[in-house]
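We name chains A, B, ... by the order of the sequence lines, and we start the count at 1 in each one.
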Protein chains: 2
Amino acid sequence: MVTTDVRARRREATRREILDAAWRLAAEQGLANLSLRDVAAEVGMRAPSLYTYFDSKGSMLDAMFAQGYRELDELYAGVRSDGDLAAMLTAATEAFVRFCQASVPRYQLMFTRAVAGWEPSARAYEVSVASYEHMRDRLAAAGVQGQRALDLWTAMTAGLAAQQLANDPDGDRWFVLSRDVAVMFVDHLRRNR
Amino acid sequence: MVTTDVRARRREATRREILDAAWRLAAEQGLANLSLRDVAAEVGMRAPSLYTYFDSKGSMLDAMFAQGYRELDELYAGVRSDGDLAAMLTAATEAFVRFCQASVPRYQLMFTRAVAGWEPSARAYEVSVASYEHMRDRLAAAGVQGQRALDLWTAMTAGLAAQQLANDPDGDRWFVLSRDVAVMFVDHLRRNR
DNA sequence: GTCTATATCCAGATAGAC
DNA sequence: GTCTATCTGGATATAGAC
């Protein structure tokens, strides 16, 4: 049925519009203060109409959460891995810090528990796990092997981003340490081999 | 006036009781869900009575925030600094991760923006700055000099704690990397001298 | 698919009696 | 200093008309 297909596309487009509006408002007034009323108003609707597109506020947040991890996945996929390891890790770290700076609410939704009564559903969580596994495999191929090394790495990149956002959200203070972290880490790997 | 003094003490004791109750409830039901009604009930009062002891919910959170940084300050003051640098940094990192694990709401209040409409007042913020400066001075005395090195250090410890709380709140998975981080960092300092 | 109207609930804060 | 009663505002979600 062609008409059904058209309607499905239209529906998907509206869902996108709603999510875009939600991100926009979250950036303006804080993720924790995001309300369905405001999101609806932002797309020219009233709150109850949103329930045509999402089962609940939680399922809308689920969609945003999964979207964030798909974006991170794409970002990491674009990091060049043909140079030496330190160069690749530097690029990955810089990309990650910029990714976090680009949208504070996205960062909060993906990496902190900033929304009061919500946590990602199992379905949404799977997307984040897939993203993590892709990163793990790419790093392993580049020479970062073992859970312990990977944990050390994620802690350092998470720390850079956290400090950058908390203390210098629009600046470079921790971003510029990306290369130091990468070199330090590569030296650490060499020493423990 | 003796009576006034007694009343001031009593008042201070009640303030303590209220803060203890707030921490307890925050641990049970989440910092973001903390309400004055519940805190009041926990100490056997009704919500309006709390306004005798705190101007607003925000000022209660301010007191909790400042309390957290005073506790962190004491913790760091107790870290032995007579051994070699790597040993001291390992101890400091382990202490910090345990400090964060000991109270998730305290961690959220101090280091994230987990409460919707609140941020620390200027007075409360000063306490956190003082704590930071003490840590900075202690590290400088031990051989960690310069803003860049300090920023690198805070990022790594913040990252360990963040990953530990997010992915293994009651475990050791990132805690056990404290020594690796310390040694890695000391090597980095030596190389850049 | 969108609306109005409403149910239900909970929050912080204040007025004023005792 | 503590209470009851209330103000004010906001949230998610549902019922049912159009």
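Residue B/T52 is classed as a base contact, given a heavy-atom separation below 4.0 Å to a base. B/G117 comes within 4.0 angstrom of nothing in the nucleic acid, heavy atoms only. Using a 4.0 Å heavy-atom distance criterion, B/L50 is classed as making no nucleic acid contact. Heavy atoms of A/S49 sit under 4.0 angstrom from at least one base atom.
Cation-pi check for A/R70 over A/F65 is not met; the charged atom does not lie both under 6.0 angstrom from the ring centroid and within 45 degrees of its normal.
Annotation for A/R113: atom CZ does not count as buried by contact number, only 12 or fewer foreign heavy atoms lying within 6.0 Å.
Distance, B/M45 CE to D/dT4 C1': 16 Å, rounded to whole Å. The separation between A/R46 atom CZ and D/dA15 atom C1' is 17 Å, rounded to whole Å. Spacing between atom NZ of A/K57 and atom P of D/dA13 amounts to 8 Å, rounded to whole angstrom units. Atom CZ of A/F54 is separated from atom C1' of D/dT12 by 16 Å (rounded to the nearest Å).
Side-chain nitrogen and oxygen atoms of A/R37 include none within less than 4.0 Å of the OP1 or OP2 phosphate oxygen of D/dG10.
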Give the intermediate values and the outcome of side chain to side chain contact (heavy atoms under 4.5 Å, CB included) for residues B/M184 and B/M156. CA-CA 11 Å; B/M184 216 168 60; B/M156 291 193 297; 4.2 Å; yes

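Position along DNA chain D of the nearest nucleotide to A/N33 versus A/P48 favours A/N33 as the more 5'-ward residue.
Of all nucleotides in DNA chain C, those with any atom nearer than 4.0 Å to a heavy atom of chain B start and finish, going 5' to 3', at C/dA11 to C/dT14.
Side chain of A/D62 to backbone of A/S121: a donor-acceptor contact under 3.5 angstrom is found. Listed for the B/D168 side chain is no donor-acceptor partner under 3.5 Å among the backbone atoms of B/Q164.
With sequence neighbours excluded, the residues forming a ring pair (Phe, Tyr, Trp, His ring centres under 6.0 Å) with B/F96 are B/F111, listed by chain and number.
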